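No experiment lies behind these values; they were computed from the predicted model shown. Position 1 is the first residue of the sequence, and the numbers go up from there.
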Amino acid sequence: QVQLVESGGGLVQVGDSLRLSCAASGRTFSTYAMGWFRQAPGKERESVAAISGSGGHTNYADSMKGRFTISRDNARDTVYLQMNRLKPEDTAVYYCAAGPNLATMSTANYWGQGTQVTVSS
């Protein structure tokens, strides 16, 4: 069982940066691939980025490449999402998820409650 708690969301201006954190419970954090997803009002949930258990492999949605960076600290059981040059279309609820591997993140076993990110123009 893994419990995930996101934090770091908020209201920012266009071009600002924000770092989201997701703290995980449990003793086996490093065995889980972790991912960030987002869902904007009226839209389907979409993948943002994911990272392997060791942190050695990452993948990103095309629209986030170069602006967002996913990382993890297995000693702190935490995964991060650094978001730079934020745009209004980045406004969404951001969720973190834990799953067995990168390939199946969209059907991850565990999900957080989400944190709201609002980018104002």
Side-chain angles (χ1 to χ4, degrees):
Q1 189 79 9
V2 177
Q3 292 185 327
L4 304 172
V5 179
E6 302 96 335
S7 62
L11 173 64
V12 297
Q13 301 294 314
V14 169
D16 284 352
S17 297
L18 204 59
R19 188 176 81 156
L20 305 182
S21 300
C22 173
S25 65
R27 299 180 180 180
T28 59
F29 179 71
S30 64
T31 67
Y32 288 93
M34 299 295 296
W36 285 97
F37 295 78
R38 70 185 186 185
Q39 187 166 21
K43 295 188 177 181
E44 293 187 356
R45 185 181 67 198
E46 64 175 339
S47 175
V48 175
I51 188 167
S52 62
S54 68
H57 295 88
T58 58
N59 56 38
Y60 296 89
D62 287 344
S63 62
M64 286 70 159
K65 287 180 180 177
R67 294 194 302 126
F68 291 7
T69 303
I70 189 170
S71 62
R72 66 189 297 159
D73 184 340
N74 285 346
R76 299 178 184 272
D77 292 351
T78 302
V79 63
Y80 304 97
L81 183 68
Q82 176 67 43
M83 304 186 293
N84 297 327
R85 302 193 303 279
L86 284 162
K87 306 174 182 180
E89 51 264 42
D90 294 319
T91 295
V93 178
Y94 284 71
Y95 300 90
C96 72
N101 54 65
L102 288 178
T104 60
M105 281 309 301
S106 62
T107 57
N109 307 70
Y110 305 103
W111 294 83
Q113 293 299 306
T115 186
Q116 176 71 46
V117 172
T118 303
V119 184
S120 173
S121 56

*Asks:* Test of understanding: clusters of I, L, V, M, F, W, Y form through side-chain heavy atoms closer than 4.5 Å, transitively. Do Y95 and I51 belong to the same one?
*Replies:*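 No, Y95 does not connect to I51 through the hydrophobic network.
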*Asks:* So does C96 get a backbone contact from the side chain of E6, meaning a donor-acceptor N/O pair under 3.5 Å?
*Replies:*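 Yes; judged by distance alone, with no hydrogens or angles, the pair exists.
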*Asks:* Does V48 share a hydrophobic cluster with V5, counting links as ILVMFWY side-chain heavy atoms below 4.5 Å and allowing steps through other members?
*Replies:*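 Each belongs to a different hydrophobic cluster.
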*Asks:* Would you confirm whether T115, through its side chain, and Y94, through its main-chain N or O, come within 3.5 Å as a donor-acceptor pair?
*Replies:*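 Side chain of T115 to backbone of Y94, a donor-acceptor pair under 3.5 Å: no, none is there.
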*Asks:* Can you tell me how far apart CE (M34) and CG (L81) are? Round to the nearest 0.5 Å.
*Replies:*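 If I round to the nearest 0.5 Å, the distance is 11.5 Å.
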*Asks:* For the backbone of H57 and the side chain of S52, can you confirm whether one donor and one acceptor N or O come within less than 3.5 Å of each other?
*Replies:*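 Such a contact is found between S52 side chain and H57 backbone.
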*Asks:* Do any N or O atoms from the side chain of R72 and from the backbone of F29 form a donor-acceptor pair under 3.5 angstrom?
*Replies:*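 Indeed, once roles are kept as given, a pair shorter than 3.5 Å links the two residues.
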*Asks:* Using every non-hydrogen atom in the two residues, find where S54 and N74 come nearest and quote the distance to one decimal.
*Replies:*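 Shortest heavy-atom contact: CA-ND2, 4.4 Å.
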*Asks:* Between N84 and S17, is there a side-chain donor-acceptor contact under 3.5 Å, judged purely by atom types and distance?
*Replies:*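 Checked: S17/N84 side chains pair up, N/O donor to acceptor below 3.5 Å.
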*Asks:* Please list, chain by chain and in numerical order, all residues satisfying salt bridge (Lys or Arg N to Asp or Glu O under 4.0 Å) with D16, sequence neighbours excluded.
*Replies:*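 With neighbours one apart ignored, the set is empty.
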*Asks:* Go through R19 and Y80 one step at a time and tell me if the side-chain hydrogen bond (donor to acceptor under 3.5 Å, both in side chains) criterion holds.
*Replies:* CA-CA 7 Å; R19 188 176 81 156; Y80 304 97; 4.8 Å; no
*Asks:* Are M105 and V93 connected in the hydrophobic side-chain network, where two residues link if heavy atoms are under 4.5 Å apart?
*Replies:*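 Same cluster: M105 reaches V93 through Ile, Leu, Val, Met, Phe, Trp or Tyr contacts under 4.5 Å.
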*Asks:* May I ask you to say whether K87 pairs ionically with D90, meaning some side-chain N is under 4.0 Å from a carboxylate O?
*Replies:*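 Salt bridge: no.
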*Asks:* Which heavy-atom pair separates A61 from S47 by the least distance, and what is that distance?
*Replies:*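 Looking at all heavy atoms of both residues, the closest pair is CB-O, 3.4 Å.
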*Asks:* How long is the span from the CZ atom in R38 to the CE atom in M83, to the nearest 0.5 Å?
*Replies:*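 Output value for this atom pair is 8.5 Å.
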*Asks:* Can you find a pair of side-chain heavy atoms, one from V117 and one from L18, that are under 4.5 Å apart?
*Replies:*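 V117 reaches L18 side chain to side chain.
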*Asks:* Is the backbone of T104 close enough, under 3.5 Å, to the side chain of N101 for a donor and an acceptor to pair up by distance?
*Replies:*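 Such a contact is found between N101 side chain and T104 backbone.
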*Asks:* Checking Q39 side chain against E46 main chain: does a donor-acceptor pair fall under 3.5 Å?
*Replies:*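 Here the side-chain-to-backbone pair does not exist.
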*Asks:* Check for a donor-acceptor pair, side chain of R76 on one end and backbone N or O of A23 on the other, with a separation under 3.5 Å.
*Replies:*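 Such a contact is absent between R76 side chain and A23 backbone.
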*Asks:* Are T78 and C22 packed together at the side-chain level, in the sense that at least one heavy-atom pair is separated by less than 4.5 angstrom?
*Replies:*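 A side-chain contact under 4.5 Å is absent here.
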*Asks:* For a quick test of reading the model, state the closest non-hydrogen atom pair linking S121 to P88 and the distance between them.
*Replies:*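 Shortest heavy-atom separation between S121 and P88 comes out as CB-CG, 4.2 Å.
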*Asks:* Which label fits Y110 and Y32: parallel for a plane angle under 30°, tilted from 30 to 60°, or perpendicular past 60°?
*Replies:*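 Y110 vs Y32 ring planes: perpendicular.
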*Asks:* Do you know the tightest heavy-atom contact between A97 and F37?
*Replies:*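 It is CB-CE1, 4.0 Å.
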*Asks:* So does Q3 get a backbone contact from the side chain of S25, meaning a donor-acceptor N/O pair under 3.5 Å?
*Replies:*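 Checking the backbone N and O of Q3 against the side chain of S25, a donor-acceptor pair under 3.5 Å is found.
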*Asks:* When rounded to the nearest 0.5 angstrom, what is the spacing between CD in Q13 and OG1 in T118?
*Replies:*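 Reported to 0.5 Å precision, the distance equals 11.0 Å.
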*Asks:* Sub-3.5 Å donor-acceptor pair from the side chain of N59 to the main-chain atoms of A49, do we have one?
*Replies:*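 Side chain of N59 to backbone of A49: no pair is present.
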*Asks:* Check whether L11 and V119 end up in the same hydrophobic cluster, where Ile, Leu, Val, Met, Phe, Trp and Tyr are linked by side-chain heavy atoms less than 4.5 Å apart.
*Replies:*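 In one cluster: no.
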*Asks:* Counting distance only, does the side-chain N/O of R85 pair as donor-acceptor with the main-chain N or O of G66 below 3.5 Å?
*Replies:*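 It does hold such a pair.
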*Asks:* Enter the distance from L4:CG to Q113:CD here, rounded to the nearest 0.5 Å.
*Replies:*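 Those atoms lie 9.5 Å apart.
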*Asks:* Between V12 and S120, does the side-chain contact (heavy atoms from CB on, under 4.5 Å) criterion hold? Intermediate values first, please.
*Replies:* CA-CA 6 Å; V12 297; S120 173; over 6 Å; no
*Asks:* Is Y60 reachable from L20 through a run of I, L, V, M, F, W or Y residues, each pair having side-chain heavy atoms under 4.5 Å apart?
*Replies:*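 Same cluster.
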*Asks:* Does the ring pair (Phe, Tyr, Trp, His ring centres under 6.0 Å) test come out yes or no for F68 and W36, once each step is laid out?
*Replies:* CA-CA 11 Å; F68 291 7; W36 285 97; over 10 Å; no
